[in-house]
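So the structure is just underneath, and the comments pick up after that.
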Protein chains: 2
Amino acid sequence: MISQTGQYALRACVYLVQQAGDAACSGARIAGRTGIPAKYLSKILGDLVHVGVLDATRGKGGGFRLRRPPTDIRLLEILSPFESSLRDDTACPFRHGECSSRSPCPGHDQWRIVKDGFRNFVQDMTLAAIATSSAPARTAPLRKGRRT
Amino acid sequence: MISQTGQYALRACVYLVQQAGDAACSGARIAGRTGIPAKYLSKILGDLVHVGVLDATRGKGGGFRLRRPPTDIRLLEILSPFESSLRDDTACPFRHGECSSRSPCPGHDQWRIVKDGFRNFVQDMTLAAIATSSAPARTAPLRKGRRT
DNA sequence: ATGACTATAAACCTATCTTTATATCGTCAT
DNA sequence: ATGACGATATAAAGATAGGTTTATAGTCAT
């Protein structure tokens with residue numbers, strides 16, 4: 001449901017939150033602790049720099065760090081560079097072309113509940129919420145069935 | 001959320017239900033009507049024969065047809081040959097190893113609601129339900145949050 | 001009637017292209 | 001010089017296409 005790459009991105013960011021605060025964290029270090037293949041992770045982290053989730057500083061003592069506080073980063077932001085289904089609104093999987101909200105195919109509504117469940121999850125859940133080992137700390141309540 | 005291939009499989013089966021009943025339908029015909037690349041579809045349909053969803057007869061007048069009544073076929077059956085996430089139970093996307101139902105990470109429960117929503121959908125929804133153009137005709141009610 | 005021919009259609013095998021996952025090398029900062 | 005990011009190449013998987021083989025059913029001449 002979430003691609004390997006997407007999961008790597010999430011896990012790396014979670015680690016950065018836990019490693020909290022001060023110094024930057026090298027890619028190699030994150031890879032070691034999270035069990036993600038080091039070289040591949042470096043590419044992923046690079047993408048997260050491009051979209052503005054991470055900051056990178058090179059050279060000795062450099063590494064990656066979150067650009068904004070984790071309470072302000074939604075999972076959607078971390079995942080969307082890697083999950084095409086989150087970027088372009090995928091069409092109805094049951095019909096060829098002619099299936100919209102206006103003339104829905106059977107199953108359309110039920111499917112949207114599922115799809116929206118996923119989308120709302122990554123859209124409302126913050127990085128802080130999944131990283132803090134304490135209480136759920138849900139910043140925004142999950143609302144279901146929001147119509148598009 | 002559902003792979004291209006999985007969507008093709010669903011759409012082809014839906015077409016077979018609509019084309020209802022009697023004669024077998026050639027792969028080329030299905031491809032033409034559903035807009036699915038013909039050669040690729042033939043491979044997909046072959047897979048669906050292997051798992052017992054479809055019957056195939058060769059030669060003139062041959063083609064594909066459903067092996068069982070569509071009210072008896074769950075979407076899960078059609079999708080599982082193509083969606084690895086439906087076959088092997090994917091682990092928690094937020095943590096490395098140590099995250100179970102017993103010691104859940106934050107976000108674990110919310111994520112399971114989303115994941116179960118998807119799984120229950122494909123598990124409960126029948127092919128007939130998404131193919132009949134009339135009322136939803138939901139055979140089994142969707143239950144949510146069933147714990148594993 | 002019956003064998004041969006032909007049209008039809010699935011099955012199979014391989015080749016290409018795109019996306020995803022991974023490794024190698026180069027570049028920059030201290 | 002060394003630690004660490006960055007861009008580029010390779011590998012594997014998913015998606016697509018081409019062509020050949022095999023099986024079946026109808027047709028047609030003898």
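Each chain gets a letter, A, B and so on, in the order its sequence line appears, and its residues count up from 1.
By the 4.5 Å heavy-atom criterion applied to side chains, A/Q19 and A/I30 are not counted as neighbours.
Considering OG1 of A/T126 and CD1 of A/I78, their distance stands at 9.5 Å, rounded to 0.5 Å. Atom CD of A/Q123 and atom CG of A/L75 lie 10.5 Å apart (nearest 0.5 Å). Atom OH of B/Y15 and atom CD1 of B/I36 lie 11.0 Å apart (nearest 0.5 Å). From B/T34, atom OG1 reaches atom CZ of A/R95 across 12.0 Å, with rounding to the nearest 0.5 Å.
Side-chain N/O atoms of B/T5 and B/Y40 include a donor and acceptor closer than 3.5 Å.
Taking the six-membered ring where tryptophan is involved, the planes of B/F94 and B/W111 are perpendicular, since the angle between them exceeds 60° and thus also 30°.
Remark: P of C/dT19 and CD of A/E83 are 15 Å apart, rounded to the nearest angstrom. One can place CD1 of A/I2 at 16 Å from C1' of C/dT20, the figure rounded to the nearest angstrom. Between the CG atom of B/L45 and the C1' atom of C/dA10 there is a distance of 10 Å, rounded to whole Å. Note: CG (B/D55) to P (C/dA9) measures 17 Å, nearest angstrom. Across the protein-nucleic acid pair, A/F64 atom CZ and D/dG3 atom P stand 17 Å apart, rounded to whole Å. In this entry the distance linking CG of A/L41 with P of C/dT20 reads 18 Å, nearest Å. Between A/L79 atom CG and C/dT20 atom C1' the separation is 15 Å, expressed in whole Å. The distance from atom CD1 of B/I44 to atom P of D/dA17 is 11 Å, rounded to the nearest whole Å.
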Note to self: Test side chain to side chain contact (heavy atoms under 4.5 Å, CB included) on B/E77 and B/V51; report intermediate values, then the result.
What the structure shows: CA-CA 8 Å; B/E77 228 182 317; B/V51 299; over 6 Å; no
Notebook entry, point to check: Please walk me through it: do B/I73 and B/C13 pass side chain to side chain contact (heavy atoms under 4.5 Å, CB included)?
Noted result: CA-CA 10 Å; B/I73 301 178; B/C13 287; over 6 Å; no
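Using a cut-off of 4.0 Å between Lys/Arg side-chain N and Asp/Glu carboxylate O, B/D116 and B/R119 are scored as not salt-bridged. Here B/D55 pairs with B/R67 in a salt bridge; the nearest charged N to carboxylate O distance falls below 4.0 Å.
Side-chain N/O atoms of B/Y40 include one lying less than 4.0 angstrom from OP1 or OP2 on D/dA15.
With distances taken from any side-chain atom of B/S26 to the nucleotides C/dA23, C/dA10, D/dC5, the minimum falls on C/dA10.
For the segment residues 4-14 of chain B, the set of residues with a heavy atom within less than 4.0 Å of an atom of DNA chain D comprises B/Q4, B/T5, B/Y8, in numerical order.
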Close N/O contacts between protein and nucleotides 7-13 of chain D (under 3.5 Å):
none

Notebook entry, point to check: Can you give one letter per nucleotide of nucleotides 21-29 of chain D, 5' to 3': B if a protein heavy atom sits under 4.0 Å from the base, S if only from the sugar-phosphate, - if neither?
Noted result: -BBBS----
